[in-house]
J.: 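Okay, here's the structure, questions in a sec.
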There are 2 protein chains.
Amino acid sequence: MTNPRRSRDLLTRYLPILAWARSYDRDTATSDLVAAVIVTIMLIPQSLAYALLAGLPAEMGLYASILPLVAYAIFGTSRALAVGPVAVVSLMTAAAIGQLGLTSPAEIALAAVTLAFISGVFLTLLGVLKLGFLANFLSHPVIAGFITASGVLIAASQLKHIFGISAEGHTLLELVLSLAEHIGQTNPITLVIGVGATAFLFWVRKGLKPLLVRAGVGPRLADIFAKAGPVAAVVATTLIAWGFGLDARGVKLVGDIPMGLPPLSAPSFDLSMWSTLLLPAVLISIIGFVESVSVAQTLAAKRRQRIDPDQELIGLGTSNIASAISGGFPVTGGFSRSVVNFDAGAATPAAGAYTAVGIGIATLVLTPLLFFLPKATLAATIIVAVLSLVDFSILKKTWTYSMVDFIAVTATIVLTLLVGVEMGVSAGVLLSIFLHLYKTSKPHVAEVGLVPGTQHFRNVKRHDVETLPGVLTLRVDESLYFVNARFLEDYVLARVSECDNLSHVVLMFPAVNEVDMSALETLEELNRRLGEQKITLHLTEVKGPVMDRLKRSHFLHDLTGRVFLSQYDAWCALKTAAPEGADEKRVAAQ
Amino acid sequence: MTNPRRSRDLLTRYLPILAWARSYDRDTATSDLVAAVIVTIMLIPQSLAYALLAGLPAEMGLYASILPLVAYAIFGTSRALAVGPVAVVSLMTAAAIGQLGLTSPAEIALAAVTLAFISGVFLTLLGVLKLGFLANFLSHPVIAGFITASGVLIAASQLKHIFGISAEGHTLLELVLSLAEHIGQTNPITLVIGVGATAFLFWVRKGLKPLLVRAGVGPRLADIFAKAGPVAAVVATTLIAWGFGLDARGVKLVGDIPMGLPPLSAPSFDLSMWSTLLLPAVLISIIGFVESVSVAQTLAAKRRQRIDPDQELIGLGTSNIASAISGGFPVTGGFSRSVVNFDAGAATPAAGAYTAVGIGIATLVLTPLLFFLPKATLAATIIVAVLSLVDFSILKKTWTYSMVDFIAVTATIVLTLLVGVEMGVSAGVLLSIFLHLYKTSKPHVAEVGLVPGTQHFRNVKRHDVETLPGVLTLRVDESLYFVNARFLEDYVLARVSECDNLSHVVLMFPAVNEVDMSALETLEELNRRLGEQKITLHLTEVKGPVMDRLKRSHFLHDLTGRVFLSQYDAWCALKTAAPEGADEKRVAAQ
């Protein structure tokens with residue numbers, strides 16, 4: 001029998017649109033429309049710019065900003081996320097396609113579509129299989145380092161447009177050398193436009209809002225005005241280029257953009273292309289997902305809403321598939337546009353759908369007007385946008401707090417800049433996992449004693465505590481598993497060999513959350529070897545789940561000593577059993 | 001200024017021979033010599049057999065049993081380890097060389113020498129850099145599963161010699177299909193010799209020792225006699241093959257073995273060969289090291305001696321380099337020969353050097369006598385030796401004890417048998433690491449209460465405990481790091497949203513051995529979000545090393561609540577602060 005309520009719940013889980021569409025009213029629609037108009041204005045120059053950053057024709061940016069937004073409105077759970085082309089993913093797209101060594105524009109476009117398709121399928125699969133937790137394998141410092149390094153790379157890659165020269169490269173060194181080689185061919189008019197637009201946009205970002213606020217404009221409206229700065233730069237420089245006929249003076253323009261809605265497209269199923277694009281697609285998917293989900297969670301928390309990470313994967317996955325079938329390239333939820341969308345009052349994902357309509361209209365009527373738009377202006381908008389991502393303070397923070405995080409973030413930044421985005425992020429992930437395992441491979445083991453007047457036990461080196469003669473009590477500060485199993489055996493036997501007249505070893509397990517098969521064998525061996533020396537082995541404060549598992553083995557049967565619920569119980573029992581005349585001794589903290 | 005004592009210590013660390021050579025006397029020499037004679041007798045057929053298993057000419061087995069043993073005697077720390085060709089490493093050598101698709105015997109020999117060289121350099125480097133702990137990334141169950149599956153593969157690969165047919169393959173399926181295809185060409189005389197030798201060797205292993213003991217022979221001597229069984233089989237079948245001229249009847253013989261000491265050889269430095277052999281060499285090194293070091297440690301423990309794993313790496317590394325320059329192939333410390341060496345009384349690594357002299361003499365005088373040795377006899381010695389490695393009980397043990405270990409060991413066995421040794425062991429390592437991280441990604445978090453009459457806190461679901469109203473106390477059973485940082489935040493906020501009138505959240509950290517940068521950011525966020533809901537966050541039982549690090553951040557400054565030394569202190573403080581009239585409630589264990 002089918003349960004109608006259960007089917008409906010399931011349907012709502014996979015189609016979040018059903019949850020909010022039912023209560024959609026005129027007020028919500030007005031909020032969404034206002035937000036959509038503002039985001040559309042912001043998105044037009046950004047989508048063109050990010051397409052150029054990805055090494056693709058400008059119109060693909062527009063195409064990637066229509067159907068993907070509609071797909072996210074249907075399948076996504078965040079009410080404020082603005083999906084579309086974003087800087088870091090566009091940079092990674094350029095690097096991925098660059099590996100194919102293609103020259104024909106049609107082949108390059110096909111590769112971009114294929115990359116979006118693979119990424120979309122991968123994200124959707126992860127979501128359906130509820131594997132969203134995999135994104136947690138990227139540590140915060142690695143992400144921060146990667147985004148910072150990517151920002152630097154992106155800014156460097158745009159300098160050629162500011163100077164009006166050609167320069168190629170996927171690493172900082174390549175870019176700098178290539179720029180140095182061609183700097184003599186600088187086009188002065190392009191440079192004036194590029195530097196002017198960059199300076200203007202920086203001023204808009206930093207200086208315009210305070211000015212407007214002082215002039216009596218509300219701070220939120222002032223903020224939105226400031227975010228529209230790129231549109232002003234686009235309009236102004238386009239008019240200048242048109243009025244002065246700058247194309248004849250060597251200023252590179254966006255040029256012809258095909259008019260009309262996106263064409264239907266299909267990915268390539270060429271095996272060698274897939275095998276080259278698979279790893280980049282996986283990295284693009286994960287980076288895109290992590291960036292998107294963290295923005296979505298931050299914004300949702302402000303309004304006490306929730307997002308579902310696994311459903312977000314499906315939302316972003318279908319967006320990328322939608323991008324692939326409509327001539328686009330990989331997309332994700334972008335930070336700055338989402339914040340603008342949120343501030344402008346977007347109340348449901350419908351705002352994204354309205355934005356899609358806005359961009360659709362732009363492809364129908366605006367494209368001829370963009371012919372005279374200088375590429376230097378787009379480069380300026382990218383540079384100003386990405387420099388806000390660059391934040392090297394993570395180096396200082398991790399240096400103070402954790403050497404392991406510092407190493408991982410440094411490797412990520414250095415390798416991203418010098419070898420490339422894929423190497424940078426892969427090395428960051430692998431290194432942080434390896435260093436975590438390395439740390440657990442030599443766990444902290446503390447000899448503990450009783451804090452006088454309590455039932456509490458602490459490190460003899462840090463606290464004034466009492467210990468019992470003939471008893472060595474060790475607190476193991478790590479789960480026991482294959483990586484550190486042998487370490488524990490060696491450590492305990494070495495400690496035992498330093499003590500005279502030892503009759504009991506007590507292992508305190510409050511911090512042991514796991515004892516795997518390798519560690520179990522080690523404990524059995526330890527029990528046997530201590531037994532040969534007539535030393536009894538006890539365990540205390542073994543956690544429920546660990547105890548459940550030990551009960552399924554022979555270990556508890558073979559154990560020479562006992563398992564005590566608390567360390568204090570062990571203390572009382574061993575104190576009573578202590579030889580006549582032996583007193584507990586006081587150990588001073590060092 | 002150089003410190004002579006320090007230099008001498010350093011020299012002794014890198015040249016363990018200096019430690020034992022000084023006190024070397026006639027008694028020790030006699031013990032070593034006796035052991036060397038026995039091991040030499042055992043090693044002659046084994047070295048020939050393992051060379052054939054590796055797909056190499058028989059003499060390379062002898063070559064791999066001379067200089068490597070001398071190198072180990074100088075650099076190794078185990079006093080009983082018998083270095084030389086072993087079954088599993090020989091199988092891996094065959095798989096590695098097979099990937100190169102070579103046909104000329106000279107090229108194949110060069111590849112084997114190169115493999116030994118890469119492996120030797122890698123091991124030595126690991127030792128010098130003190131990276132021996134890397135071997136711990138192989139969990140016990142994965143090793144057990146890999147050795148079992150390798151044993152099956154090795155036995156299957158030798159069946160062709162028993163039947164006197166040709167069959168090729170690196171996986172169980174390929175081997176079985178190839179055997180089935182050629183089974184019609186079985187040579188009956190070969191089959192009789194092969195089956196006869198196998199049955200004889202099984203009987204020697206199982207039945208001879210009890211027989212000798214009953215006849216009054218001492219059990220240790222009886223054991224050594226039983227281990228010499230293969231020599232009897234070699235002598236008998238060689239005589240039969242010679243007497244009856246079996247080569248004319250289609251029985252495959254070992255044939256011409258060049259007489260004389262090993263030739264000097266040099267590895268290839270061809271880049272494409274290195275790139276193919278690098279990964280296999282790394283895997284061979286690690287598997288060889290793990291096998292060797294575990295034998296060495298077991299034997300050392302019996303005599304209360306110690307071995308130094310990092311120096312062992314140097315010992316095995318130089319052995320492999322020695323093998324590479326003297327026409328050999330990868331070697332390591334073998335299980336069965338080391339046990340024989342130990343039982344026969346080997347007291348220092350000099351026993352290995354004497355064995356090398358024995359094998360050297362064999363290459364000078366014995367090789368012509370081996371012309372008539374049937375390959376089926378060698379195959380029988382391999383089959384009987386490796387079947388003792390096959391032990392599927394690890395599947396049952398892990399099934400009962402730990403599902404994660406069971407999955408890792410099953411994957412290792414299945415992939416080794418069906419895809420190959422390299423895939424099997426790599427998948428085992430990666431899977432056990434991934435599953436370990438996966439387990440820690442959703443840590444166990446228990447709500448705890450006071451066990452009445454004690455100062456001890458346990459899970460409310462498992463024990464009869466008391467809790468305070470308005471206080472939620474959670475014990476986090478895992479280190480906090482990037483993989484589970486977000487989980488904790490989500491979990492605590494979800495628990496908080498289920499409780500009414502909550503004023504305090506206490507996080508008990510006795511099991512938190514690490515708080516990395518990602519987790520620190522999560523705790524800061526949690527503190528902030530709880531603060532917005534007027535809920536105070538406290539920490540208790542924070543370990544020394546974790547506390548040290550938290551003090552280097554802003555977290556303790558921003559924390560809304562306090563850090564208590566013990567959970568009981570927190571209980572007392574919060575009980576006093578509890579609102580009037582509210583009584584502690586009793587929570588029954590479920």
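Below, each value reflects all heavy atoms present in this structure, side chains not excepted, and no hydrogens, waters or symmetry copies. Everything numeric in this text was worked out from a predicted model, so none of it was measured. Lettering of chains follows the sequences in order, A, B, ..., and the numbering in each one begins at 1.
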J.: Drop me the distance from His456(B)'s NE2 to His456(A)'s NE2, to the nearest 0.5 angstrom.
T.: 11.0 Å
J.: Nearest heavy-atom pair of Asn513(A) and Ala511(B): which atoms, and what distance?
T.: OD1-CB, 3.4 Å
J.: Given a strict heavy-atom distance threshold of 4.5 Å, which part of Asp405(A) is in contact with chain B: side chain, backbone, both, or neither?
T.: side chain
J.: With a 4.5 angstrom heavy-atom cut-off, is it the side chain or the backbone of Val515(A) that approaches chain B, or both, or neither?
T.: both
J.: Between Lys551(A) and chain B, which part of the residue has a heavy atom less than 4.5 Å away: side chain, backbone, both or neither?
T.: neither
J.: What option among Ala144(A), Ser479(A), Gly544(A), Ser553(A) has the most heavy-atom pairs under 4.5 Å with chain B?
T.: Gly544(A)
J.: With only heavy atoms counted, which part of Glu541(B) is less than 4.5 Å from chain A, the side chain, the backbone, both or neither?
T.: both
J.: Drop me the distance from Lys397(A)'s NZ to Arg552(B)'s CZ, to the nearest 0.5 angstrom.
T.: 15.5 Å
J.: Below 4.5 Å from any heavy atom of chain A, which atoms of Arg486(B) appear? Answer side chain, backbone, both or neither.
T.: side chain
J.: When heavy-atom pairs shorter than 4.5 Å are enumerated against chain B, which of Glu514(A), Glu532(A), Glu521(A), Met517(A) gives the highest number?
T.: Met517(A)
J.: Of the backbone (N, CA, C, O) and the side chain (C-beta and beyond), which part of Ile433(B) lies under 4.5 Å from a heavy atom of chain A, both, or neither?
T.: both
J.: Can you name the closest pair of heavy atoms from Pro545(B) and Arg462(A) and give their distance?
T.: N-NH2, 3.6 Å
J.: Check Leu138(B) against Phe482(A) and note the closest heavy-atom contact, atom names and distance.
T.: C-CD1, 4.2 Å
J.: Just list the side-chain donor-acceptor pairs under 3.5 Å for residues 440-447 of chain B, sequence neighbours left out, or say none.
T.:
residue   : atom : partner   : partner atom : Å
Thr440(B) : OG1  : Leu437(B) : O            : 2.8
Thr440(B) : OG1  : Tyr481(B) : OH           : 2.6
Ser441(B) : OG   : Tyr438(B) : O            : 2.7
His444(B) : ND1  : Asp477(B) : OD2          : 2.8
Glu447(B) : OE1  : Arg495(B) : NH2          : 2.8

J.: Using the salt bridge (Lys or Arg N to Asp or Glu O under 4.0 Å) criterion, which residues pair with Asp391(A)? Sequence neighbours excluded.
T.: none
J.: Which residue out of Lys439(A), Gln567(A), Glu525(A), Gln455(A) racks up the most heavy-atom pairs below 4.5 Å with chain B?
T.: Gln455(A)
J.: Please check: side-chain N/O of Ser518(A) versus main-chain N/O of His140(B), any donor-acceptor pairing under 3.5 Å?
T.: yes
J.: With respect to chain A, which residue among Asn459(B), Thr454(B), Val512(B) yields the maximal number of heavy-atom pairs within a distance under 4.5 Å?
T.: Thr454(B)
J.: Heavy-atom distances under 4.5 Å only: say whether Glu478(A) touches chain B with side chain, backbone, both or neither.
T.: both
J.: Go through Thr398(A), Val451(A), Leu520(A), Val404(A) and name the one with the most non-hydrogen pairs under 4.5 angstrom from chain B.
T.: Leu520(A)
J.: Which region of Leu550(B), side chain (C-beta onward) or backbone (N, CA, C, O), has a non-hydrogen atom less than 4.5 Å from a non-hydrogen atom of chain A, or is it both or neither?
T.: both
J.: Of the backbone (N, CA, C, O) and the side chain (C-beta and beyond), which part of Leu565(A) lies under 4.5 Å from a heavy atom of chain B, both, or neither?
T.: both
J.: Mind listing the closest non-hydrogen atom pair of Arg458(B) and Lys543(A) along with its distance?
T.: NH2-CA, 4.3 Å
J.: Could you tell me whether the side chain of Arg549(B) and the main chain of Tyr401(A) form a donor-acceptor pair under 3.5 Å?
T.: yes
J.: By a 4.5 Å heavy-atom criterion (distance strictly below it), what part of Phe133(B) contacts chain A: side chain, backbone, both, or neither?
T.: side chain
